[in-house]
Engineer: 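Encoded as structure tokens, here's the structure I'll be asking about.
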Amino acid sequence: MIIQPALGQSTQVLVAKQDLLQAFQSIQKAEQQGASNTDLLPLSIQLNTALKYEESAEILSEQGNASGAYSYAVQSINLSTQVAVAAEALGNEAQNSSSYRTILAYTIAIVAAVFSTIAVLEANRIWRIVGRRRLLKAKIEYRKKVR
Amino acid sequence: MKHRLATYLVVFMSLATIFTSATFYIISPKPAQSYMGFGVYSQRGLQGYVPGNMTITPPQTLNWNLTVANRTGREQFIMVIVRLGNSTTFSPNVTSPATPLPELGRIDRFVSDGETSNINFTWTVESTNQTGGVVFLNLRINGQSVSSAPIGSVSGSNFRLIFELWTFDPSSGSFQYGYPGEFAQIGTWLQVWFSTSA
């Protein structure tokens, strides 16, 4: 059984509220960094569970059930912390992958521009080479002389 | 030779501009209008749209669903404030909530972007009491008993339950009425009219 002073318990409820808001802001930051809704939905569900724990802690605290309030507040804090950590990881991962994709996309665009330039300016020479190779590969047909 | 190099450079720069512009267009997120939808339904789904101006005979319990759809492009921490009014009281509008009306309850929820959240809303009209021809209600909302006073209604008709949608604004650290629009908060509210029979 956890025994804490009444002041400490009400502090835990306040900490639970702050942690909920911090986790919420972590999710918003992860969204800005490019994390997908599908990845963030489980975190939102967890955050709603943490919110329920925090509300239960608040109700119990108002009813004078200090140990019950403390227990719910701690559960809420743990869950909010997990959500904040997971959201931060998802955000960083999304940002790295987004930077990689951007660099790759622009590199492809520049390489395509180089090849296109060559294709446009050297088109005549390329066709000539192709034509010569075709000619070299062609079979020579000899006509029989008709007497 | 110099002329040839210059031609190469001009063509390359032109094509590079075209290709990088196309890439920018492809990888940029597409613009979308952000909005939040707010609805109230009975638990029977589409068959059970909450009827307008229904009559309630106490004690009567109603199970409703509040649905909140988030299409704002980011997670929202929402709060629904439930108020009671009558035909003469102040109504919320697109910019201001009905703050003069007493709050009967608050419901908090985190709603992901792209998600439509269903929130149970169970309320009971337990009894009525009449003072000088004005009927006041004793209500139970999500398990908590509340009185409608000071809001009453003559002969128990034309009461209305008002639901206001509020969203948490991290910059101010408080809930704001409505949801964040392009230029300002957009106030969103619903009301359901009802009367009570003695």
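Letters A, B, ... are given to chains in the order of the sequence lines, protein chains preceding strands, and every chain is numbered from 1.
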Engineer: More than 12 heavy atoms of other residues, nucleotides or ligands under 6.0 Å from CD of A/E88: is that the case?
Structural biologist: no
Engineer: Please look at A/L41 and chain B and tell me whether the side chain, the backbone, both or neither of the residue comes under 4.5 angstrom of a heavy atom of that chain.
Structural biologist: both
Engineer: Is atom CD of A/Q25 surrounded by more than 12 heavy atoms (other residues, nucleotides or ligands) closer than 6.0 Å?
Structural biologist: yes
Engineer: Which one wins on heavy-atom pair count under 4.5 Å against chain B: A/I110, A/L43, A/N37, A/N48?
Structural biologist: A/N48
Engineer: Side chain from CB out, backbone as N, CA, C, O: work out which of these in A/I108 comes under 4.5 Å of a heavy atom of chain B, or both, or neither.
Structural biologist: neither
Engineer: Out of B/I151, B/V135, B/V154, which residue meets the side-chain contact (heavy atoms from CB on, under 4.5 Å) rule with B/N86?
Structural biologist: B/I151
Engineer: Shorter than 4.5 Å, heavy atoms on both sides: which option in A/A113, A/S98, A/A105 has the most such pairs with chain B?
Structural biologist: A/A113
Engineer: How about A/Y72: does its OH atom have over 12 heavy atoms from other parts shown lying under 6.0 Å from it?
Structural biologist: no
Engineer: Just how far is it from atom CG of A/L51 to atom OG of A/S76, taken to the nearest 0.5 Å?
Structural biologist: 7.5 Å
Engineer: Can you tell me if B/F90 has over 12 outside heavy atoms packed within less than 6.0 Å of its CZ?
Structural biologist: yes
Engineer: Check whether B/T7 gets within reach of chain A through its side chain, its backbone, both or neither, counting any heavy atom under 4.5 Å.
Structural biologist: both
Engineer: Non-hydrogen atoms of chain A under 4.5 Å away: do they reach the side chain of B/E115, the backbone, both or neither?
Structural biologist: side chain
Engineer: Under 4.5 Å, counting heavy-atom pairs only, tell me which of A/V120, A/V114, A/I27, A/L47 racks up the most with chain B.
Structural biologist: A/L47
Engineer: Can you say whether A/E55 sits under 4.5 Å from chain B via the side chain, the backbone, both, or neither, judging by heavy atoms?
Structural biologist: side chain
